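Proteins get letters first, then strands, A, B, ... in listed order; numbering begins at 1 in each. Fair warning: this is a prediction, and the values are worked out from it, not measured in the lab.
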Amino acid sequence: MEAMIEAVGLVKRFGPITAVDQVSLAVARGEVLGFLGPNGAGKSTTMKMIAGYLLPSRGTARLCGHDVLEEPLAVKRVLGYLPEGAPTYPDMTVSAFLDWIAAVRGFKGRERRARVERAVRLASLGDVLFYPIEALSKGFKRRVGLAQALLHDPEVLILDEPTDGLDPNQKAEVRRLITTMAPEKAIIISTHILEEVEAICTRAVVIARGRIVADATPAELAARNRWHNATTVVVREAEAEAAEAALRALPSVATVERSTRVGVGLVALSALPREGRPIEGAVRDALAAAAVAPRELFVERGRLDEVFRDLTMKRAA
Amino acid sequence: MRSMLVIARRELAAYFATPVAYVFIVIFLVLLGALTFSVGNFFDRGQADLAPLFAFLPWLFLLLIPAITMRLWAEERRSGTIELLLTLPIALWQAVLGKFLAAWAFAAIALALTFPMVITVNVLGTPDNGVILAAYAGAVLLAGCYLAIGAAMSALTKNQVIAFVLAVAACFVFTVFGSPVVVGFLAEALPAGVLEAARRVSLIGRYDAITRGVVALRDLVFFATFIGFWLYANAVIVEWKKAG
């Protein structure tokens with residue numbers, strides 16, 4: 001599949017500091033790439049370079065085959081970009097701002113109105129159309145930025161923290177919007193909300209100290225975690241000892257962790273597998289053999305937050 | 001071309017979206033009036049012309065024009081909207097020129113609001129309206145020069161106060177180079193060649209000539225080149241800042 005977003009060996013130095021170091025990535029149509037990393041890791045700097053706002057110290061980026069350094073205008077036409085912090089002109093009304101964006105993008109008359117209306121609908125801005133942007137809440141401001149990025153129905157979307165500052169309902173709405181658009185476009189979103197990556201991204205790139213430390217699907221990343229395929233059972237306190245002993249006796253179980261935060265008189269036992277192998281069947285069998293009836297039993301996919309911490313912290317030492 | 005005008009229209013609207021435009025225009029007119037009538041002895045001179053007005057104008061412009069230009073780029077940089085502007089499908093020159101034209105139009109509006117003075121001298125006597133027209137053209141050109149300098153200075157920083165101070169300083173330098181006081185003062189310190197070069201890039205001498213009704217092509221070309229140079233510098237600064 002042909003890559004619609006390509007970054008080739010991007011390097012950005014600010015004086016003696018190398019903020020981005022040899023970042024290469026490719027995103028095809030239909031992919032939603034989640035760009036992860038701690039604050040200051042170089043996420044925004046990389047996105048600014050791909051969007052053509054910052055000039056790379058070395059390397060380049062191509063959007064739909066157009067080189068960002070050689071054909072900046074062609075790049076900007078196919079790109080919808082939500083910059084860091086979703087900047088907009090505070091003294092304009094939402095309607096005037098979007099109309100201005102449409103005019104700068106060269107839309108005229110009836111089509112311009114249609115484009116603005118569509119963007120307003122996508123970002124659910126109908127109620128605040130004639131408010132000055134400075135009077136809006138953080139969530140609405142973010143959605144104005146999003147509407148601006150979607151206005152020309154671009155092939156490539158680069159969204160820097162699109163759900164930052166939104167409440168859970170709005171977050172869900174924006175995620176739904178991204179998922180709906182995804183098949184037609186190539187999308188990069190940056191975030192540090194890991195549930196978001198699992199919810200909407202087809203691929204996750206983790207960056208730490210300017211370098212890519214992982215590039216995999218969310219499931220592959222989760223599989224790297226010791227909690228991958230971990231099986232948790234909730235049992236009555238009276239049966240806890242027997243259950244724990246039964247689980248520990250299993251050769252495929254590396255360790256068992258105990259938690260009492262599940263309710264009065266209940267204990268949760270989590271069996272972590274060796275080498276991430278599925279152990280659900282073995283756990284069921286062992287409990288049945290020990291005559292313990294679990295109240296609940298569930299299998300985990302792996303904890304992305306731990307993977308994230310492992311990937312981004314170990315290099316800091 | 002169209003994109004440039006779209007940019008210019010937004011910038012011009014931005015002036016009037018806040019009280020800034022009205023405060024500016026009122027202060028400009030009040031100060032200009034006060035200088036012309038009291039300091040300039042408008043009535044006592046007994047002459048039906050606007051010479052006192054145009055004599056004070058450069059000095060008023062010196063302080064007030066940078067106030068028009070200081071936010072052009074500095075505010076975009078501070079609020080982050082510059083990232084939005086520079087990732088829209090427009091060429092850099094369109095943004096630079098669009099902003100400049102908006103500021104120029106605003107300055108021209110402020111200047112046009114001095115029209116009661118023109119009416120006054122026409123009521124009181126029979127002035128040479130051709131000279132007055134030439135003087136207005138000169139004032140617009142001078143404003144353009146200051147605006148171009150100010151816009152470039154605004155591109156240097158995200159702090160509007162710094163942009164203002166830098167612009168006043170730069171405009172001051174290009175204004176006083178030609179004035180007789182400075183030339184006399186510097187004559188002993190600087191070699192004649194440098195002094196001559198400084199006099200040539202100074203604005204005030206050429207402006208004075210135009211306000212007296214002497215419109216030379218040479219001076220018009222100079223003003224156009226001067227504005228062009230600073231707009232180019234403006235674009236270079238924005239591009240240079242992109243390199244981080």
Using the test side chain to side chain contact (heavy atoms under 4.5 Å, CB included), find all partners of B:Val30 that sit at least two apart in sequence or belong to another chain.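 Checked B:Val30 against side chain to side chain contact (heavy atoms under 4.5 Å, CB included); matches are B:Val26.
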Ignoring hydrogens, what is the shortest heavy-atom contact between A:Pro87 and B:Gly80? Give both atom names and the distance.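 Heavy atoms of A:Pro87 and B:Gly80 come nearest at CG-O, 3.3 Å.
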Shortest non-hydrogen contact from A:Ile101 toward B:Leu84: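 Closest heavy-atom pair between A:Ile101 and B:Leu84: CD1-CD2, 4.4 Å.
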Please classify the contact between A:Met92 and chain B as side chain, backbone, both or neither, with a heavy-atom cut-off of under 4.5 Å.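 Looking at A:Met92, just its side chain touches chain B.
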Donor-acceptor pairs between chain B and chain A under 3.5 Å, which ones?
residue, atom, partner, partner atom, Å
B:Val6, O, A:Trp100, NE1, 3.2
B:Glu76, OE1, A:Tyr89, OH, 2.8
B:Glu76, OE2, A:Tyr89, OH, 3.0
B:Glu83, OE1, A:Lys48, NZ, 3.0
B:Glu83, OE2, A:Tyr81, OH, 2.4
B:Leu86, O, A:Lys76, NZ, 2.8
B:Lys242, O, A:Leu55, N, 3.0
B:Ala243, O, A:Lys12, NZ, 2.6

Checking B:Leu5 against chain A: side chain, backbone, both or neither under 4.5 Å from a heavy atom?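 When you check distances to chain A, no heavy atom of B:Leu5 falls under 4.5 Å.
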Name the region of B:Ala14, side chain, backbone, both or neither, that has any atom closer than 4.5 Å to a heavy atom of chain A.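 Both parts, backbone and side chain.
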Please determine whether the number of non-hydrogen atoms from other residues, nucleotides or ligands lying under 6.0 Å from atom CZ of B:Phe172 exceeds 12.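 Count not over threshold, so no.
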Please determine whether the number of non-hydrogen atoms from other residues, nucleotides or ligands lying under 6.0 Å from atom OH of B:Tyr232 exceeds 12.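 Counting neighbours around OH of B:Tyr232, 12 or fewer heavy atoms of other residues, nucleotides or ligands fall under 6.0 Å, so no.
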